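No experiment lies behind these values; they were computed from the predicted model shown.
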Amino acid sequence: MQRMRTPDGKYRYTYVSDEVQAAFGLDPAVLLAEDAVDHAWIHEDDRPRFVRALERSSAELSTLDEEVRVVLPGGGYKWVRSLGQPRRLRDGTVIWDGVALDVTDRREALQALERALQDAKRNEVSGSRYAAIAAQDMAAPLHALTSAIENLVVTEESGPAGLSSQAAEVKRSFEAFTKALSAARALVEASPAQKDREHTTRTAAKRALTTRQLEIMQMVHAGASNTEIADALSITVGTVKLHISAILKRTGARNRTDASRMCFG
């Protein structure tokens, strides 16, 4: 996506990918044809803040990084993170080369993670240990995402092709971050804040586990090592061990092999 602010203060788009329509219901052809846009698709409560962020980014040539709600044509909305690196032309025009990312799932995951941590604290469980490990698992993908955003710049020579390539890298990094965030949320929700479970039958053993724990046990049952599980789920080996400890606690199994037998026979 490439956005322009003309010297007289008007905003328009000079490049919009087809993915924008699929994700947010905005027709690229319509956006590109507009001589000036008023950002009417942004939720009315977020629009003034977004315009202020654009004006600040234009004046300071600072990175645009703002999250707003985009109203969908069929009703409802999605949270969108708008990222852009500005550059000023000789005539005073400012151009942002950037991307728009759907962060609705991330917003919901963060809220769920925060609720889980609060539950752990209310239950007087050492939530800090699990929070620290969750944060550690998120550090690398978050750093990669931050680096990709900082490198998001397109020269006049590279044009839209360069933008598409770097936008793809931002999206790849964002997907890795979201995956790590989901894993962190699952880790906290599976912490000892949960009630202990009694020894169970095979069906009950499965019911006692979270979706992430079942996923790990399926990989254990298939013969995967802790390292292989960690690589597949984009988490650390230490986090896998914590999940398995929680699984043993919930099922009453003696070890990972016993837990696998209880769940899958």
Side-chain angles (χ1 to χ4, degrees), residues 101-117 119-120 123 125-145 148 168-265:
L101 301 171
D102 183 350
V103 296
T104 306
D105 289 344
R106 194 212 66 182
R107 278 263 180 170
E108 293 175 351
L110 280 172
Q111 292 169 356
L113 181 58
E114 182 179 354
R115 287 196 299 270
L117 285 171
D119 288 342
N123 289 328
V125 177
S126 180
S128 60
R129 180 188 180 202
Y130 285 81
I133 294 174
Q136 176 183 331
D137 283 347
M138 293 170 59
L142 178 58
H143 175 71
L145 175 59
E169 176 62 20
V170 170
K171 289 184 179 181
R172 185 199 64 74
S173 299
F174 182 77
E175 289 168 358
F177 169 69
T178 301
K179 189 174 182 180
L181 176 60
S182 178
R185 169 188 172 185
L187 172 63
V188 175
E189 290 179 338
S191 71
Q194 303 289 344
K195 294 181 179 179
D196 293 345
R197 306 300 179 100
E198 298 179 354
H199 292 263
T200 56
T201 62
R202 183 182 304 172
T203 300
K206 290 182 179 180
R207 291 176 179 172
L209 304 181
T210 66
T211 301
R212 176 47 60 91
Q213 290 171 345
L214 274 175
E215 185 178 9
I216 289 175
M217 286 313 304
Q218 288 171 345
M219 299 178 74
V220 168
H221 188 66
S225 66
N226 287 348
T227 299
E228 291 170 333
I229 295 173
D231 290 342
L233 299 181
S234 299
I235 58 180
T236 65
V237 172
T239 302
V240 175
K241 291 180 178 179
L242 275 176
H243 273 301
I244 291 178
S245 294
I247 290 169
L248 299 183
K249 188 177 181 67
R250 286 185 169 208
T251 60
R254 296 184 300 275
N255 51 48
R256 71 203 304 269
T257 302
D258 189 30
S260 175
R261 178 190 57 75
M262 292 179 67
C263 290
F264 303 106

Q. If we only count heavy atoms from C-beta on, is the Ile244 to Asn226 side-chain gap below 4.5 Å?
A.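 Ile244 reaches Asn226 side chain to side chain.
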Q. Are any non-hydrogen side-chain atoms of Met217 and Ser260 less than 4.5 angstrom apart?
A.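 Yes, close enough: below the 4.5 Å cut-off.
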I need the [X] [atom1] to [Y] [atom2] distance, nearest 0.5 Å.
X: Arg256; Y: Ser245; atom1: CZ; atom2: OG; result: 11.0 Å
X: Thr251; Y: Asp258; atom1: OG1; atom2: CG; result: 7.0 Å
X: Gln213; Y: Gln218; atom1: CD; atom2: CD; result: 12.0 Å
X: Lys241; Y: Ile247; atom1: NZ; atom2: CD1; result: 14.5 Å
X: Glu215; Y: Ile229; atom1: CD; atom2: CD1; result: 9.5 Å

Q: Write down the atom of Ala253, the atom of Met262, and the distance for their closest heavy-atom approach.
A: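 That closest heavy-atom pairing would be CB-SD, 3.7 Å.
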Q.
Restricting to non-hydrogen atoms, name the atom on Leu248 and the atom on Ala259 that form the minimum distance, rounded to 0.1 Å.
A.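 Looks like CD2-CB, 4.0 Å.
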(Q) Please evaluate residues Val220 and Thr257 with respect to the criterion side-chain contact (heavy atoms from CB on, under 4.5 Å), reporting the C-alpha separation (whole Å), side-chain torsions for both, the decisive distance (0.1 Å), and the verdict. (A) CA-CA 8 Å; Val220 168; Thr257 302; over 6 Å; no
Q) Any luck finding a side-chain donor-acceptor pair between Thr236 and Thr239 under 3.5 Å? A)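 Side chains of Thr236 and Thr239: pair found under 3.5 Å.
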